[in-house]
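These notes are about the structure you will find just below.
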Amino acid sequence: MISLTIHGTRGSLPGATPSPIFGNESICAVARGGGTAAILDAGSGALAAGAALLAEGRTDIDLVLSHLHLDHVIGLPFLPQLLRGDGIVRVHVSERYGPDPGAVLSDLLRPPWFPIPLSRLPGRLEGHAFGDGATLRFGRLAIETAPLHHPGGATGFRLCTGGDAVAVLLDHEPGDAQADTAARHLMRGVRAAVMDAAWTPQEAPGRVGWGHGCWLSCIRLAREAGAGAAYLSHHAPARDDVALLDEERRLRAVWNGALLARGGDVV
Ligand SMILES: [Zn+2]
């Protein structure tokens, strides 16, 4: 059985709005299954995710990135595994960024934007590029991948072990036929899907091409794919708990299999 602990629910910018209910860290989750674990995305929630794995004795970890936008990588240099001499972080990311993801990330996390070059942190970062549609295997945990519809590209995931499957689709804007087919394929019959519902249905028509969905388009896709439940995430940075609870009431009236993800949720 897979468990997915959500350590970050906020899209685009962490910390913008106090949010004791839904959380304020940007996108990150820990997947556990088949006796192993992997971190999915390294937004500001990565500090807590890495610490949780370190508490289990995991100094050597796998991190799978959907894409390299800041809300998905800003926590990378704060992974506790990179701050100790025996730490290893294997970063897996699409080959769309080139053959050496380590070089791309070290170019981002260096002066003048970050005080210490990634290469001078005590732990070791190893980059591994994968092709679109590749299946990554970490012991008995398999992660199927497929490209989503997002500016610059993003990768969706289907996590499988022992007959259980959970999908994670961040970030995805429904409406592109080919990418929607890939999204439905990743979500086919999953127990639950974590999806990008940054917008309300009222906001979405004014934000076409920004790379995110609304809860109504997510619910349609999840139900077409036969997903058992949907955790809608990537909350807009300025949306407070009152507004999120209000949206959640509306979306649950459409499908009570969906809810808005809260930081700390375990799928
Ligand atoms: Zn994002």
Side-chain angles (χ1 to χ4, degrees), residues 4-17 19 22-31 38-49 63-79 91-94 96-97 101 104-105 108-109 113 132 143 145-157 167-176 179-180 182-183 186-187 193-200 203-204 206-215 217-218 221-222 230-239 243-244 247 260-263 265 267:
L4 190 73
T5 305
I6 297 177
H7 287 278
T9 57
R10 203 51 76 161
S12 308
L13 180 70
T17 305
S19 183
F22 290 94
N24 228 332
E25 305 292 357
S26 76
I27 305 299
C28 181
V30 172
I39 300 183
L40 302 183
D41 280 340
S44 65
L47 198 161
L63 165 64
V64 187
L65 296 176
S66 63
H67 64 307
L68 301 185
H69 287 165
L70 283 176
D71 51 330
H72 299 252
V73 298
I74 199 74
L76 176 65
F78 301 94
L79 281 169
V91 181
H92 307 265
V93 67
S94 166
R96 79 175 75 93
Y97 303 105
V104 179
L105 289 164
L108 171 72
L109 300 165
W113 300 286
D132 281 341
I143 303 184
T145 69
L148 302 176
H149 182 41
H150 191 68
T155 304
F157 305 118
V168 179
L169 283 77
L170 301 162
D171 299 358
H172 178 61
E173 178 176 343
D176 175 89
D180 284 354
L186 290 174
M187 289 194 288
V194 179
M195 304 176 77
D196 168 0
W199 315 133
T200 68
E203 290 166 342
R207 294 175 185 181
V208 173
W210 292 25
H212 305 287
C214 72
W215 54 255
S217 56
C218 285
L221 262 186
Y231 286 70
L232 307 180
S233 188
H234 208 283
H235 308 318
R239 203 161 347 264
L244 287 168
E247 287 305 319
L260 293 185
R262 287 142 170 86
D265 274 353
V267 178

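One-based numbering, in listed order, for ligands and for the atoms of each. Keep in mind that the numbers below use all heavy atoms, side chains included, and drop hydrogens, waters and symmetry copies. These figures come from a predicted structure and were not determined experimentally.
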Give a yes-or-no answer on whether the side chains of [X] and [Y] include a donor-acceptor pair shorter than 3.5 Å.
X	Y	result
H149	D171	no
S19	N24	no
H150	D196	no
E247	T200	no

Can you tell me if an N/O/S atom from [X] lies under 2.8 Å from the Zn ion (ligand 1)?
X	answer
D196	no
H67	no
H72	yes

Name whichever N, O or S atom of [X] ends up nearest to the Zn ion (ligand 1).
X	result
D71	OD2
D171	OD2
H234	NE2

Hey, mind stepping through D41 and H67 against side-chain hydrogen bond (donor to acceptor under 3.5 Å, both in side chains) and telling me if it holds?
CA-CA 8 Å; D41 280 340; H67 64 307; 5.2 Å; no
